[in-house]
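For reference, the structure is listed below as structure tokens.
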Amino acid sequence: MPELPEVETIVRGLRPRLIGAKIADVWTSGLALRLARPVDRAALVRHGRGARVTAVRRRGKYIVVDLQGSAGAAALLIHLGMSGRLRLQMRAASHDKHTHVVFRLDHDRDLRFVDPRRFGLVRAVVRVDAVPELRHLGPDPLTELDAAGLARAMASSRAPLKAFLLDQRRVAGLGNIYVSEALHRAGVRPTTAARRACGRAAALVDGIRAALEAGIANRGTTLRDYVDGEGGAGENQHALLVYGRQGQPCHTCGEAIRRRVDAGRSTFYCLRCQR
DNA sequence: AAAACACCCTGCCTGC
DNA sequence: TGCAGGCAGGGTGTTT
């Protein structure tokens, strides 16, 4: 579900309403999330109870909620996995069956983490800078990615561009939808080995940015169940150039969009526009 | 070292 | 109508 544009939309929506909020208590379902690991409620309570939210930010596809408590600063690290939702709701609102973590806030509000497939992650961390998952992330495509750096990384990889761009250590935030969209905008084929496409690094940076910015402008892509922090669906599914459009005409040249599957994941592209 | 694969889950859709 | 099988937007750990 959530790639960079969806996470960014959630963060932007939650930020003004969450900053200053005080956590009164934490509830967990007891079921395990990512890698079959249980949520550490004790740590969430220890660092969260009584603390106030000072910032809400995004790093790749991770959401970081900074906290200031009487015992010091800490943060909530949240990843939505494939089916996660993070929503701010009134306490009286009905509970989704797959709710796994609830932060009870002041003013009768709940910050709820709902995740049917349980591939997500909710964890309390003390030093955000030291979190391995975040340290391994590559540059943020909107603010840190540059053509020279991307070209250098591409030069040392034999991986097809599709796999290269999906690797969060290369670029942080792209997922299956936006990789197809970015490659199409850049006019590059997903099967091309990264090292053979170094000359297209600048076009790739532009394509990546354009695809992500379109997604953000449209408040995310809702294919199945993505909603933002207020429960609203996105509109970017209507603006996709290639993803999910196999057999339909390319908007640029009219050729039928192709679909291929690698490692169980679909890639969509135009054979004529992408060389 | 990089790349391929299995695995963690539920829900929804398709075809029989 | 029921059921099996395939598929889904993510990340990690292990093997090659």
Side-chain angles (χ1 to χ4, degrees), chain A residues 1-10 29-39 58-63 77-86 96-101 113-123 131-138 153-183 190-196 211-212 214-216 218-228 233-246 259-268:
Chain A
M1 169 221 302
E3 305 181 31
L4 188 152
E6 290 73 39
V7 176
E8 181 67 23
T9 300
I10 290 170
S29 68
L31 291 179
L33 296 181
R34 180 189 290 184
L35 294 180
R37 283 185 195 140
V39 175
R58 176 188 62 74
R59 184 76 183 88
K61 300 177 198 172
Y62 286 86
I63 297 169
L77 182 68
I78 299 168
H79 194 290
L80 301 174
M82 292 274 263
S83 59
R85 301 178 175 196
L86 188 65
D96 186 285
K97 172 184 170 189
H98 299 292
T99 303
H100 296 297
V101 184
F113 177 82
V114 177
D115 186 5
R117 289 175 73 179
R118 292 194 271 131
F119 288 175
L121 171 81
V122 179
R123 190 199 305 165
V131 173
E133 287 93 329
L134 299 183
R135 291 178 66 96
H136 296 157
L137 292 178
M154 289 168 70
S156 65
S157 174
R158 281 184 239 271
L161 279 169
K162 165 78 189 296
F164 179 89
L165 293 176
L166 269 182
D167 187 340
Q168 302 299 296
R169 293 169 300 185
R170 305 295 195 182
V171 180
L174 292 171
N176 212 40
I177 294 179
Y178 293 96
V179 164
S180 279
E181 295 295 299
L183 286 167
T191 47
T192 305
R195 59 170 14 173
R196 291 189 49 239
L212 296 176
I216 293 170
N218 288 315
R219 303 183 53 79
T221 301
T222 299
L223 293 184
R224 179 162 287 173
D225 47 15
Y226 161 73
V227 293
D228 62 27
E235 295 298 333
N236 198 56
Q237 60 278 14
H238 307 302
L240 296 173
L241 300 178
V242 290
Y243 190 88
R245 296 192 64 243
Q246 72 272 25
R259 171 181 185 261
R260 57 174 285 131
V261 178
D262 304 284
R265 303 226 112 129
S266 299
T267 307
F268 302 86

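Chain naming here is simple, since letters A, B, ... match the order of the sequence lines and numbering starts at 1 in each.
- H79(A) has a side-chain polar atom (N or O) that falls below the 4.0 Å cut-off from OP1 or OP2 of dG11(C).
- Comparing dT12(C), dA8(C), dG10(C) against the side chain of E3(A) picks out dG10(C) as the nearest.
- Regarding M154(A), its CE atom lies at a distance of 16 Å from the C1' atom of dA2(B), rounded to whole Å.
- In this structure, dC9(B) makes no Watson-Crick or G-U wobble pair, since no nucleotide meets both defining distances under 3.5 angstrom.
- Atom CZ of R195(A) sits in a crowded spot, with more than 12 heavy atoms from other residues, nucleotides or ligands closer than 6.0 Å.
- Within the 3.5 Å criterion, the main-chain N or O of Y243(A) finds no donor-acceptor partner in the side chain of S180(A).
- Residue K61(A) has no polar side-chain atom (N or O) positioned under 4.0 Å from OP1 or OP2 of dG9(C).
- For K97(A), whose side chain is taken as the heavy atoms from C-beta onward, the closest listed nucleotide among dG11(B), dA2(B), dG11(C) is dG11(B).
- Taking atom CG of D167(A) as the reference point, atom P of dG10(C) lies 13 Å away to the nearest angstrom.
- OP1 or OP2 of dC7(B) has not a single side-chain nitrogen or oxygen of R34(A) nearer than 4.0 Å.
- The aromatic ring of F119(A) is not stacked on the base of dC9(B), since the criterion of ring centres less than 5.5 Å apart with planes inclined by under 30° is not met.
- Taking atom P in both dC5(B) and dC7(C), the straight-line distance is 15 Å, to the nearest Å.
- Distances shorter than 4.0 Å separate none of the side-chain N or O atoms of Q168(A) from OP1 or OP2 on dG10(C).
- Closest to the side chain of R259(A), out of dG11(B), dC8(B), dC7(C), is dC7(C).
- Dashed line: the shortest gap from a side-chain N or O of R158(A) to OP1 or OP2 of dA3(B) is not under 4.0 Å.
- H136(A) places its NE2 atom 16 Å from the C1' atom of dA2(B), with the value rounded to the nearest Å.
- Using a 4.0 Å heavy-atom cutoff across all strands shown, A159(A) reaches sugar-phosphate atoms only and no base atom.
- As rounded to whole Å, 19 Å separates atom P of dC12(B) from atom OH of Y226(A).
- Of the possible donor and acceptor atoms, one in the side chain of R118(A) sits under 3.5 Å from a partner among the backbone N and O of A32(A).
- Residue S266(A) has its side chain nearest to dA8(C) when only dC9(B), dG9(C), dA8(C) are considered.
- Here G120(A) lies out of heavy-atom contact (under 4.0 Å) with every strand.
- Note that CD1 of I78(A) and CG of L86(A) are 5.0 Å apart. Values are rounded to the nearest 0.5 Å.
- R37(A) places its CZ atom 6 Å from the P atom of dG13(C), with the value rounded to the nearest Å.
- Ranking dG11(B), dT12(C), dA2(B) by closeness to the R170(A) side chain, first place goes to dA2(B).
- Taking the P atom of each, dA1(B) and dG11(C) are spaced 23 Å apart, rounded to whole Å.
- Look at CD on E181(A): it is 12 Å from C1' on dG9(C), rounded to the nearest Å.
- Using a 4.0 Å heavy-atom criterion, one finds that Y243(A) contacts the sugar-phosphate atoms exclusively.
- A donor-acceptor pair is defined here as one N or O able to donate and one able to accept, closer than 3.5 Å; such a pair exists between the side chain of E3(A) and the backbone of Y178(A).
- The partner of dG9(C), taking Watson-Crick or G-U wobble pairs whose two distances both stay under 3.5 Å, does not exist in any strand shown.
- Note: CG (L35(A)) to P (dT14(C)) measures 10 Å, nearest angstrom.
- One can place CZ of R85(A) at 17 Å from P of dT10(B), the figure rounded to the nearest angstrom.
- Among the atoms of the strands shown, none is found under 4.0 Å from any heavy atom of F164(A).
- Scanning all heavy atoms of the two residues, the minimum distance from S157(A) to R170(A) falls at CB-NH2, 3.8 Å.
- Along DNA chain B, the nucleotide nearest to R117(A) and the one nearest to R169(A) differ in position, and the one closer to the 5' end is contacted by R169(A).
- Across all their heavy atoms, R117(A) and S83(A) have their closest contact at N-OG, 2.9 Å.
- Each of S157(A) and H98(A) was matched to the nucleotide of DNA chain B holding its nearest heavy atom; the match closer to the 5' end belongs to S157(A).
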